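Being a predicted model, the structure only gives us computed values, none of them experimental.
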Amino acid sequence: MSHDYQVVQWTPFKRRFDLWLLAGVFSYLIVFTLVSQLLAQQSEPANIVQTLIRALGTLAFILLTFVLCIGPLARLSDRFKPFLYNRRHLGVTLFSIGFLHAGLVVFWYHGFGDLNPFVSLLVSNPRYAAIAGFPFESLGLAALVILYVMAATSHDFWNANLGPGLWKALHMGVYLAYALLIAHVMLGALQSERSLVYLLAMGASAVVVCGLHLYTGWRDAIELTVDSDWIDVAAITEMIDGRARIVRPAAGEAIAVFRDGDSIAAVSNVCRHQAGPLGEGRIVDGCVTCPWHGFQYRLNDGCSPEPFTERIATYRTRIEAGRVFVNQVPAAPGTPQVPSIIEAN
């Protein structure tokens with residue numbers, strides 16, 4: 001966290017992550033190009049520009065599929081948390097690859113006529129009422145615009161000035177971009193593609209993305225045992241020190257119930273920065289630390305340490321018969337709560 005907007009300071013981990021990311025990008029492009037050249041018929045050798053266009057396009061789609069899977073995968077396993085922390089890097093890389101793909105398309109297919117290449121892209125095929133021959137380029141362009149807006153507003157400056165709600169709503173456009181890209185490929189490259197590889201890859205991508213989101217959503221929606229306003233969280237022995245159990249009332253925000261040594265306390269599961277899942281983080285220096293970008297809140301009152309001013313809702317807890325309960329009625333953000341104490345046997 002920082003109360004000033006400064007040049008991003010890369011940690012050694014982020015440097016290694018970016019190096020591996022760039023190495024993966026270049027390796028994919030090189031391998032795709034070489035394999036395409038080897039598989040091309042001798043009588044009809046593959047055009048290097050067209051091969052690069054397809055390589056960049058497929059890589060952008062693969063990256064977008066992975067970006068959409070990071071959230072649910074991180075909820076299922078901590079092994080995916082590093083990708084969650086660096087999702088911004090992946091998103092900017094995704095846009096850059098998509099931009100290169102679009103640039104090559106405009107140059108190669110529209111750059112040698114009398115008409116402005118960008119105008120040519122939009123007016124060369126006006127058959128919007130037809131399936132066959134649909135101007136699929138416009139769908140790809142719309143998806144690229146969405147990815148550009150997301151990349152351009154990825155810095156915390158925009159989150160602070162747009163507000164978490166508007167910022168998150170804006171970045172939910174990634175799902176629209178995904179749908180546009182599927183339509184872009186289905187109405188474009190796959191119209192003349194004889195191989196089933198690309199069609200199967202598209203189907204697998206859609207199944208994986210939708211399946212992961214539906215499964216994690218179903219898992220989160222499992223009903224909990226409720227006694228009046230009190231929710232049965234877990235047995236004390238099931239509570240891990242420094243970590244939380246996340247419970248979801250029938251209405252309202254999810255609740256993160258933390259164990260900190262011999263104390264039990266509960267706060268909202270929603271970070272005020274980018275609505276990150278606080279319950280998937282841990283307690284660091286006595287504060288609940290968001291796993292996304294490190295925003296912190298004191299466990300006893302839900303307030304960020306000075307000089308920060310963010311506050312989240314707190315909840316009452318109690319311990320009965322070796323089990324932890326939380327009251328699902330939230331207190332006002334920043335309200336101090338007396339923690340429940342685990343008594344020694």
Side-chain angles (χ1 to χ4, degrees), residues 1-35 52-104 143-160 162 167-168 170-175 177-178 181 205 208-209 212 271 273-277 280-282 284 289-296:
M1 290 177 63
S2 175
H3 59 284
D4 294 322
Y5 300 110
Q6 302 174 353
V7 177
V8 175
Q9 302 297 319
W10 260 251
T11 64
F13 173 80
K14 288 185 178 293
R15 291 192 183 94
R16 290 194 300 271
F17 182 90
D18 288 347
L19 287 174
W20 278 107
L21 178 59
L22 290 175
V25 166
F26 284 110
S27 296
Y28 178 90
L29 295 177
I30 292 171
V31 171
F32 187 100
T33 302
L34 292 176
V35 171
L52 282 175
I53 288 174
R54 181 158 291 197
L56 290 165
T58 55
L59 179 56
F61 189 80
I62 292 171
L63 269 178
L64 179 56
T65 299
F66 182 64
V67 167
L68 290 176
C69 292
I70 290 174
L73 286 174
R75 293 186 178 186
L76 297 174
S77 173
D78 288 344
R79 294 180 179 181
F80 293 94
K81 291 288 178 67
F83 295 102
L84 187 66
Y85 307 151
N86 292 280
R87 188 161 51 180
R88 180 181 304 180
H89 296 227
L90 290 167
V92 173
T93 303
L94 163 63
F95 165 73
S96 301
I97 293 170
F99 182 79
L100 290 174
H101 168 79
L104 277 179
L144 185 64
V145 170
I146 293 173
L147 294 176
Y148 166 74
V149 172
M150 294 177 60
T153 59
S154 62
H155 195 275
D156 284 350
F157 169 85
W158 291 103
N159 179 268
L162 293 175
W167 188 92
K168 188 173 182 63
L170 186 66
H171 281 245
M172 289 295 287
V174 66
Y175 293 99
Y178 180 68
L181 284 180
S205 170
V208 169
V209 170
L212 280 173
C271 179
H273 177 221
Q274 292 182 6
E280 295 178 17
R282 60 179 69 231
V284 178
T289 303
C290 182
W292 283 13
H293 300 104
F295 273 60
Q296 293 185 310

Holding to ring-ring contact (aromatic ring centres under 6.0 Å, His included), I want the full list of residues that pass it with H101, two or more places apart in sequence or in another chain.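 None.
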Results of ring-ring contact (aromatic ring centres under 6.0 Å, His included) for Y148 - residues two or more places apart only: F95
Sub-4.5 Å side-chain heavy-atom contact between [X] and [Y]:
{"X": "C271", "Y": "W292", "result": "no"}
{"X": "T58", "Y": "Y28", "result": "yes"}
{"X": "F80", "Y": "C69", "result": "no"}
{"X": "Y178", "Y": "T65", "result": "yes"}
{"X": "L90", "Y": "F17", "result": "yes"}

Could you list the residues that satisfy side-chain contact (heavy atoms from CB on, under 4.5 Å) with [X], not counting sequence neighbours?
{"X": "A102", "answer": "L144"}
{"X": "T93", "answer": "L21, V25, L63, I97"}
{"X": "P72", "answer": "L212, H213, T216"}
{"X": "S27", "answer": "none"}

What is the distance from atom [atom1] of [X] to atom [atom2] of [Y], rounded to the nearest 0.5 Å?
{"X": "R87", "Y": "S154", "atom1": "CZ", "atom2": "OG", "value": "12.0 Å"}
{"X": "L104", "Y": "L56", "atom1": "CG", "atom2": "CG", "value": "6.0 Å"}
{"X": "T33", "Y": "L52", "atom1": "OG1", "atom2": "CG", "value": "5.0 Å"}

Taking all atoms of both residues into account, what is the closest heavy-atom pair of [X] and [Y], and its distance?
{"X": "L170", "Y": "M150", "result": "O-CG, 4.5 Å"}
{"X": "A177", "Y": "A143", "result": "O-CB, 3.8 Å"}
{"X": "C290", "Y": "G276", "result": "SG-CA, 4.0 Å"}
{"X": "V284", "Y": "Q296", "result": "O-NE2, 3.4 Å"}

Whether over 12 other heavy atoms sit under 6.0 Å from F32 CZ: yes
Counting heavy atoms not belonging to F83, are there more than 12 under 6.0 Å from its CZ? no
Please check if the side chain of S77 supplies one atom and the backbone of A74 the other of a donor-acceptor pair under 3.5 Å. no
Only counting residues at least two apart or in another chain, list the ones meeting salt bridge (charged side-chain N to carboxylate O under 4.0 Å, His left out) with R54.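 Salt bridge (charged side-chain N to carboxylate O under 4.0 Å, His left out) list for R54, sorted by chain: E193.
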Given L64, which partner from the list V209, L59, V174 fulfils the side chain to side chain contact (heavy atoms under 4.5 Å, CB included) test? V174
